[in-house]
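As structure tokens, the structure follows; a few thoughts come after it.
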Amino acid sequence: MTYEDRANKNQDPLVDPIGSQINRPRRVWLWLIGICSVLGLSGAGYVSFKWLDKIDFFALNDDMLQSIVTYESPDNSIVFDRNGEKFGEFYSTHYVYTPLEDIPRDLVRAVIAVEDRRFFSHSGIDVRAMFRAGLQYIKTRRLRQGASTLTQQLVRNFLLTREKTMARKVKEIYLALRLERKLSKQRILEIYLNSLFLGNGSYGVAAAAQRYFGKPLSEINSAESALIAGLFQSPSRYNPQRFPKKAKKRQKQVIRAMVASKKVSARKAKKMLNTKLVYTGYNSINTQIAPYFIDYVREQAKNLIQKKIKNTGLRIHTTLDREIQMAAQTTIHKSAHALDRARAYIEESRLSKDNRLEASLLVTQPQTGEILAMVGGRDYNHSQFNRAVQARRSPGSAFKPVIYSLALEQGYKWSDMFYISPVAVDDYRPKNYSSDSYLQEATLLKAFYKSINTTVIELGQDLGMEEVLNHAKKLGILSTLKDEIGTMLGASEVTMLDMARMYSIFANKGVLVEPIAITKITDREGQVLYEAPPASERETKVVSEQIAYLMLEGLRSVMRYGTGYAFRNISHFAIGKTGTSNDAKDNWFCGITPETTAILWAGLDGNIGFEGSSVSAVKLALPIWANFAKRIEKLHQTLDFEAPKKIKSHKVHPNFGSLDNAGVTMHFLEGLEPKKTDTNLKAISLSGKFREIFER
Amino acid sequence: MKIILITMLTISCSLLATESPVSTGQVKCQQFVQSKLPLYKKLYRLQTKLSPELRDPDLESVLLSKANDCETPSQGLIDLAMGHKNKIGIILPLTGVDSIIGLQYEDSIRTLFKNHQKAFDDKVIIVDSKSNKTKFHRAVADMVFIHKPAILLGGVTLKEAKLLRVWSETLQIPTLIMRNKWFSQDALSTKFSFYVSPDQRQMARTLSTYMFGRGLRRYAIIHPKEKHSNFIAELTSHGEKIGLTKQANQSYDPLNIKSIEAAVKSVFAIDDVTGREQELLDLIKKKEEEYPDGYENKEIILPPIIEIDGLVVLDHFKNLRHIASILKYYNVPKMPLLGSQNWRAKELVEPKDPYLSSSVFVDYIGSYNELPYRLKVNSDKDGFFAHSREAQMVDYWLIARHSIQIAIRALRNLPVSRLEVASHIKSLKTNSQTPFFESSTVFDPRHRSHWPTFLFSIQGDRLLPLFKRPSSSNRLVATPRQ
């Protein structure tokens, strides 16, 4: 019955059936309270409205949630070896995306227990927690107590600032509520566990597991899970490597929360508390197998696709051979003894952090140009300088194949004879390693395998400096060489890659194949962004097959009769040339097997040599290289260098160049073989006399 | 009457039985015999196959009895005492350290007789001296008392040559010593010994004559220690006579590079700072300006001082090539180098060295294609280089064949005495069949065999024959170009 109905029924217009029961003054107050309430609420509402407007609350919309809704974890770019196995990754921030179902249950429980106990029951915000926090705010005027749900944290992390203000809070609440309508709990949780920063450059629990415990997520235990769960609140404050006690305390909090929320039993909690936590320094996969090669690939990839490399989900397929890389790595590691022995020749006062004794090894495949292994130094952690590709050092006698191959092309032959005497070109007066070689004679081959300097100068003078420089370039020495006589003896600086190109030519029948480290780059979906041209498109014929083979046999003679004699037992498949620069500042061995070219360098990083000592490539570089060669022998399919047509071999006297059954085996182009069977020099070498009828 | 006749006959017989009056010649002869007897006795005991009981024969009486027959001592004692068998006796070191030489001589002689083995067996006796002094004496003893040759050949080494000469003159046996007469003996006259060999003196004169003709008036010599002394002495002596000046004479150890360098540096005053201090300072300053970052001290070398027109290098071709490199190393400008037969090998010009072009050496053999006595040698097309195995052998073979041919010619008329043999050798004329020697007589008055000398010049990778000095002439005759 309405007021009108009642009024009409009683027919007494002045009679207020209700109001007649309340006296008038009270009625007025009620009206006033009501009006004030309405006005108050309206006012509050208006103020609230104005405030909300001020903080751009009304600008919030679901579109803003897109970055979370469509979230895809940034993916590291992965580097694969030639067999498709991962051995490196590129990232600026460390993400290791893991689906929720692959995250350990204990870790999930720990996170929920400590961060958002009622996660699965609320709709984005936890009112009870907010009420608690609100009371706290009224008391202290500061928002100290956490009441944020995982959803709110996610929203805050992705979309908002971290400032502790009411405005931010209001937005956060709204967006959290909206997000819950857009995504499932599982998805929110998954994104949360994979995207939040947990310290040490790691994002997500899997990255944190690697960074702090050095293991994949699948291998962490409950105690470790609890520790990781505690990081969400403050990764820097609870960084276990920096603040282990705080981290432990936080872990305890997490475990207590798990017990309180009945996620674990008390017994298990005790066990978790007593489990010792072992933190390992983060050992990135990049530094484990081929760190220098990884650095090189990074630079190469950037140049090839002109795009960002890190965290872009690229799949970079490289030429690295893991077995050969491990052999190279082990070789360099085990060279410490030899290098330290050499160190004894240097005064300690001359040695500093910058003058460390170093060694590096670069291995390529001559037939394809593929870089199989790269070790740029003894210890990547100590020095990331990649000597294999960045260092420019004097190759010494290892450069001489440039002159000799040119000479052979120009009609010289291994049996041509030279008188070994001091040589001067203007003021340049190179000396041989030993003055005992003077007053003797040597064939071109002997001069090569004994590394006699004066013969090279004579040859070079005959061939011409310009021709020598051009030939060097043809042979793949891309570094700028000085137009000076000393260049013929290897005084100009080159890279190990330069030397790898040159020696590969001899192993590959005279053909240069440009070295590569990357065969293909794709995106995460497999779309090819770059593919290296096949070897056939990267090759250039530099010298004839015959000349290349003559050089191979020359290098073999280095091992059999010359400076490599100590390791002649491997000369059936591993051959090469030593190179020592002035004062042994640089000690090289450039070697070839039928399937690899391996360039080794050893020395000091600073411009200091082993003056006055007997240190040389023979004593320093060669043994290390030979060690490597022995390691990879079993990996070879072929151990022989195949001789081409139109090559003849004869036994020749190494000094005089005459045919001699007791001589050394020399190889010649068909038709250019030696003919003389005897020489007067032999008579002199035996008796010291010649036609001395008056002195008998 | 009968009694008187018998008495007169007896007295006559008695008178006849007593010695006839001794002539002056016989006295001298006896004196000669007496003086040589101890030597003969000593020699007699040295025979190799003498049985002990015969080591002390009554040689004295045999010789003394023969002494009664000799008119003058120069008739040759052995002729009277022993006689000779008209053979040629050859003493060579066929074993021991010198066998490498002795065997060459033997081969040369035997091969000359290869189609006349019987004649060889009849005429020639070869005995081994075993490269040993005592055994050499034994060989002489065998020759003197057993084989009794009319003429001896031997003395292929200096020590055997000296011994042989003594025996030759003492025993008055004509002897062909297959070696050059050494300088210290040059002044000594000999009667029975003759020297069959090229002579360094002749070669030195040829070279000095050439140097004078080419205008190389100032020269220096470098040579291995203790070698070529005769050559150097004659070069110096003859050079002075004709107006050459020797500026320096440096020796070195041929097996030591530093020693050779020192000799070169001494000749050219390289790195001799005396009086050149300012020059050195200027060099250092220039170096510092050119290389402010530093340089090697060894690159500062004072340039050579050239005060000679030619350098005589008396070493074999191998060291010559190294020396040429050293000269280049020290920036010695190209100049004529001069040498001797030790240079002559194919390796002198292969590989060719422009620095050696126009350098000259003297030799006692011209073309290997024009050797006497049917000597055939494997050589290059021009005949200037013998194949290596034969290059050294030819020297010995040539001397050996020349000697044996002289001996054969000397015995052709079956001389009775050895003195006659000696006389015949002395007056022997050059055989027209051997124009190689190109002289009237085989030996000069001092019993040195005449031998031609030849001059060659290096031209790229070839030799160019320049001049020839015929044996008995002092003039150089240009060699016709082929």
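Chain identifiers are assigned alphabetically (A, B, ...) following the order of the sequence lines, protein sequences preceding nucleic acid strands; residue numbering begins at 1 within each chain.
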Step through it carefully: locate the ring centre of Phe317(B), locate the ring centre of Phe690(A), and say whether they are under 6.0 Å apart.
yes
With Ala683(A), which residues qualify under side-chain contact (heavy atoms from CB on, under 4.5 Å), at least two apart?
Gln392(B)
Could you check whether any side-chain heavy atom of Leu439(A) comes within less than 4.5 Å of a side-chain heavy atom of Ile260(B), counting everything from C-beta outward?
yes
Side-chain contact test, heavy atoms from C-beta onward, threshold under 4.5 Å: evaluate it for Pro198(B) versus Ile693(A) and give yes or no.
yes
For the side chain of Arg691(A) and the backbone of Asp395(B), is there at least one donor-acceptor N/O pair under 3.5 Å apart?
no
Side chains of Thr454(A) and Ser325(B): closer than 4.5 Å at any heavy-atom pair?
no
Roughly how far apart are His387(B) NE2 and Thr679(A) OG1, rounded to 0.5 Å?
12.0 Å
Lys328(B) side, atom NZ; Ser421(A) side, atom OG - distance, nearest 0.5 Å
8.5 Å
So which part of Leu681(A) gets closer than 4.5 Å to some heavy atom of chain B, the side chain, the backbone, both or neither?
both
Using modelled atom types and a 3.5 Å cut-off, is there a donor and acceptor pairing between side-chain atoms of Glu347(B) and backbone atoms of Asn680(A)?
yes
Applying side chain to side chain donor-acceptor pair (under 3.5 Å), which residue pairs with at least one partner in residues 395-407 of chain A are found, sequence neighbours left out?
Ser397(A)-Lys400(A), Ser397(A)-Ser451(A), Lys400(A)-Ser451(A), Lys400(A)-Asn453(A), Ser405(A)-His471(A)
So which part of Ile323(B) gets closer than 4.5 Å to some heavy atom of chain A, the side chain, the backbone, both or neither?
neither
How close do Pro351(B) and Tyr419(A) get, counting heavy atoms only, and between which atoms?
CD-CE1, 4.3 Å
Can a salt bridge be assigned to the pair Glu441(A) and Arg321(B) using a cut-off of 4.0 Å between side-chain N and carboxylate O?
no
About how many Å separate CE of Met417(A) and CD of Glu350(B), when rounded to the nearest 0.5 Å?
10.0 Å
Greatest number of non-hydrogen atom pairs under 4.5 angstrom with chain A, of Ala391(B), Pro224(B), Ser197(B), falls to Ala391(B)
So CZ of Phe694(A) and CG of Asn180(B): to nearest 0.5 Å the spacing works out to 5.5 Å
